[in-house]
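A quick write-up on the structure given underneath.
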Amino acid sequence: MSRVFLQYWKPLLALNLLFGGIVIGFDLNHLHAEDALLENIQGIFLIASAVAYFRLSTFSSGDARLAYLGASLLCFSFFTREVDLELLPVIEHVGFLFHGTGRTIILLVIWSLYARLVVSQGALRSYVQRLRAGKYLHNFTICFVFLVIGSIFDRALLLVDYSRLFEELAETNAYLILALPAFYELYYRRRKSWLLPESVNANAE
């Protein structure tokens, strides 16, 4: 996966530069405004990766299952932060659960249940070791770096023009990199399931 990421970081950088150049050159500031294009893309990345990680957890067991489940919860937590769910017509009557104090309580309960699950299975030490030695640790590290960069622009710690654009671009890249392991693993598993019947038939012949 690291080689896959290294192979595509240049096109990703070019895409960011192209998008930034178009926004700045044509003054398309509405594309990175609140609840606009970039935030909608972030929401898609996050909910898709939350579902994908959860799906991977159903295919796994032990520490791997807990790790995938934790990644799914992490993506869902970011999703509730980035998307104003309380504004959606479908859930407008219960939107308070996904905003402000309600959201904090919901996430606290979910993460407490997850932590209890990890501890109850006696897997805390091995779980931490798996995370530290995981082959996708670099993805989560890079994601964290991008989120820190986004937070710097968000809190105006670095005063530059188009700081809102750079904040949203940093967060969009962070969530894409967070989603890549889930998409890659699902693709690999599906490809393996497609090839397996062919190999069985070949051995039978």
Hey, quick one: are [X] and [Y] part of the same hydrophobic cluster, counting side-chain heavy atoms closer than 4.5 Å, chains of contacts allowed?
{"X": "F140", "Y": "F144", "value": "yes"}
{"X": "L107", "Y": "V109", "value": "no"}
{"X": "L117", "Y": "F76", "value": "yes"}
{"X": "I110", "Y": "I105", "value": "no"}
{"X": "V160", "Y": "L28", "value": "yes"}

(message) For F78 together with Y175, are the ring centres under 6.0 Å from each other?
(response) yes

(message) A side-chain contact here means heavy atoms from C-beta on lying under 4.5 Å apart; do F146 and L169 qualify?
(response)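 The answer is no, as the side chains (C-beta and beyond) never meet within the 4.5 Å cut-off.
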
(message) Can you confirm whether L56 sits close enough to L69 that some side-chain heavy atom of one is under 4.5 Å from a side-chain heavy atom of the other?
(response)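 Of all side-chain heavy-atom pairs linking L69 with L56, none is under 4.5 Å.
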
(request) Using a strict 4.0 Å threshold on nitrogen-to-oxygen distance, state whether E185 and R55 make a salt bridge. (result) no

(request) State whether R164 and E39 are salt-bridged, where the test is any N-O pair (Lys NZ or Arg NE/NH1/NH2 against Asp/Glu carboxylate O) under 4.0 Å. (result) yes

(request) Classify the side-chain pair N173/N16 by whether it contains a donor and acceptor separated by less than 3.5 Å. (result)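 N173 vs N16: donor-acceptor pair found between side chains.
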
(request) Might you work through the side chain to side chain donor-acceptor pair (under 3.5 Å) test for R81 and S77, ending with a clear yes or no? (result) CA-CA 6 Å; R81 171 182 175 271; S77 300; over 6 Å; no

By ring pair (Phe, Tyr, Trp, His ring centres under 6.0 Å) - contacts of [X] (at least two apart):
{"X": "F153", "answer": "F166"}
{"X": "F45", "answer": "none"}
{"X": "Y53", "answer": "none"}

(request) Can you measure from CG (D154) to CD1 (I149) and round to the nearest 0.5 angstrom? (result) 13.5 Å

(request) Indicate the ring-plane relationship of W111 and Y114, choosing parallel, tilted or perpendicular according to the 30° and 60° boundaries. (result) perpendicular

(message) Looking at every heavy atom in both L108 and S112, which two are closest together, and how far apart are they?
(response) O-OG, 2.6 Å

(request) Kindly determine whether L18 and I22 satisfy side-chain contact (heavy atoms from CB on, under 4.5 Å), including the steps that lead there. (result) CA-CA 6 Å; L18 177 62; I22 291 175; 4.0 Å; yes

(request) Evaluate the criterion side-chain contact (heavy atoms from CB on, under 4.5 Å) for residue pair E168 and Q42; output intermediate values, then yes/no. (result) CA-CA 9 Å; E168 295 300 334; Q42 293 169 21; 2.8 Å; yes

(message) Could you check whether atom CZ of F54 has more than 12 heavy atoms from other residues, nucleotides or ligands sitting under 6.0 Å from it?
(response)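 Atom CZ in F54 is not packed in, count stays at 12 or less.
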
(request) Please say whether more than 12 non-hydrogen atoms of neighbouring residues, nucleotides or ligands are located less than 6.0 Å from CZ in F59. (result) yes

(request) Quickly, which of L74, L147, N139 forms a side chain to side chain contact (heavy atoms under 4.5 Å, CB included) with L178? Name it, please. (result)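 Of L74, L147, N139, side chain to side chain contact (heavy atoms under 4.5 Å, CB included) with L178 is met by L74 alone.
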
(message) I need the single residue from D35, I41, N40 that forms a side chain to side chain contact (heavy atoms under 4.5 Å, CB included) with L37. Which is it?
(response) I41

(request) Take F19 and L38, measure what side-chain contact (heavy atoms from CB on, under 4.5 Å) needs, and give me the verdict at the end. (result) CA-CA 11 Å; F19 182 86; L38 285 181; 3.8 Å; yes

